[in-house]
Amino acid sequence: DAKTTQPPSMDCAEGRAANLPCNHSTISGNEYVYWYRQIHSQGPQYIIHGLKNNETNEMASLIITEDRKSSTLILPHATLRDTAVYYCIVRRSGGGGADGLTFGKGTHLIIQP
Amino acid sequence: DTAVSQTPKYLVTQMGNDKSIKCEQNLGHDTMYWYKQDSKKFLKIMFSYNNKELIINETVPNRFSPKSPDKAHLNLHINSLELGDSAVYFCASSQEFDYEQYFGPGTRLTVT
């Protein structure tokens with residue numbers, strides 16, 4: 001799986017949009033971008049994933065650049081409960097790949113009141 | 001209704017003991033996993049398992065073994081516990097190997 005690079009920490013004011021960047025310059029054509037987060041003392045939580053088109057669900061939006069070398073996770077209206085470590089993971093999908101998720105250090109997002 | 005549950009939530013035991021952590025999922029998934037999160041907060045895959053194959057991370061000592069009595073359960077057995085086994089262990093499940101994974105709340109194991 002391709003390696004990802006994320007800033008170690010970010011702050012965001014409550015109610016504002018939180019934009020979390022991720023670089024994955026070595027991503028291959030069959031690899032997806034996944035985002036998970038881990039709130040303190042809880043298990044990781046799936047947020048969203050995408051291949052090349054932008055994706056949106058009830059939790060967040062995922063913007064992937066045209067060359068697919070980077071992406072941004074957007075939490076549109078951050079709340080204090082969004083304070084967590086956010087992980088960007090690149091991996092294959094659609095068959096094979098029973099090696100689990102490879103978590104990096106992630107970005108510690110702190111939402112300020 | 002909890003999707004992926006683990007018991008116990010906390011486990012304190014002495015070196016050399018044998019212990020088990022239970023995991024159950026009610027999502028109807030066919031694939032389950034065990035992860036270890038160490039004191040530096042790094043999450044690492046230990047095992048991936050479905051009814052077809054068990055994939056073991058080569059760095060996991062053979063003192064650790066997963067046991068699956070049925071599709072909804074994947075228990076983790078640990079023999080001869082060592083101090084370095086102290087960590088938080090997370091169970092997860094997914095529908096097939098490559099779909100999004102759902103994690104349990106974790107079991108904090110402390111070996112004294």
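Throughout, protein chains are lettered first and strands after them, A, B, ... in sequence-line order, and every chain is numbered starting at 1.
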* side-chain hydrogen bond (donor to acceptor under 3.5 Å, both in side chains) between B/K67 and B/S65, worked out -> CA-CA 7 Å; B/K67 298 275 194 315; B/S65 58; 3.2 Å; yes
query: Is A/D67 atom CG crowded by more than 12 heavy atoms from other residues, nucleotides or ligands, each under 6.0 Å away?
result: yes
With distance as the sole test, does B/E82 use its side chain to make a donor-acceptor pair with the main-chain N or O of B/G84 at under 3.5 Å?
no
Contact list (residues 103-112 of chain B to chain A, heavy-atom gap under 4.5 Å, by number) returns B/F103, B/G104, B/P105
Taking a cut-off of under 4.5 angstrom between non-hydrogen atoms, the residues of residues 36-44 of chain B near chain A are B/Q37, B/K41, B/F42, B/L43
Item to check | Ring centers of A/Y36, A/Y87 separated by less than 6.0 Å | outcome: no
Suppose we call two aromatic rings close when their centres sit under 6.0 Å apart. Are B/Y102 and B/H29 close by that rule?
yes
**Prompt:** Do B/Y35 and B/Q101 have side-chain atoms, one donor and one acceptor, less than 3.5 Å apart?
**Reply:** yes
From the list A/L73, A/I48, A/D82, A/I47, side-chain contact (heavy atoms from CB on, under 4.5 Å) partner of A/M59 resolves to A/I47
Looking only at A/G104, A/P44, A/G106, the option with the highest number of non-hydrogen pairs under 4.5 Å against chain B is A/P44
#### Entry: Main-chain N/O of A/C88 paired to A/Q6 side chain as donor or acceptor, under 3.5 Å
yes
Original post:
Do the charged groups of B/D85 and B/R63 touch, with an N to O distance under 4.0 Å?
Top reply: yes
Subject >> Steps toward side-chain hydrogen bond (donor to acceptor under 3.5 Å, both in side chains) verdict (A/H24, A/S71) >> reply: CA-CA 8 Å; A/H24 31 79; A/S71 59; 2.9 Å; yes
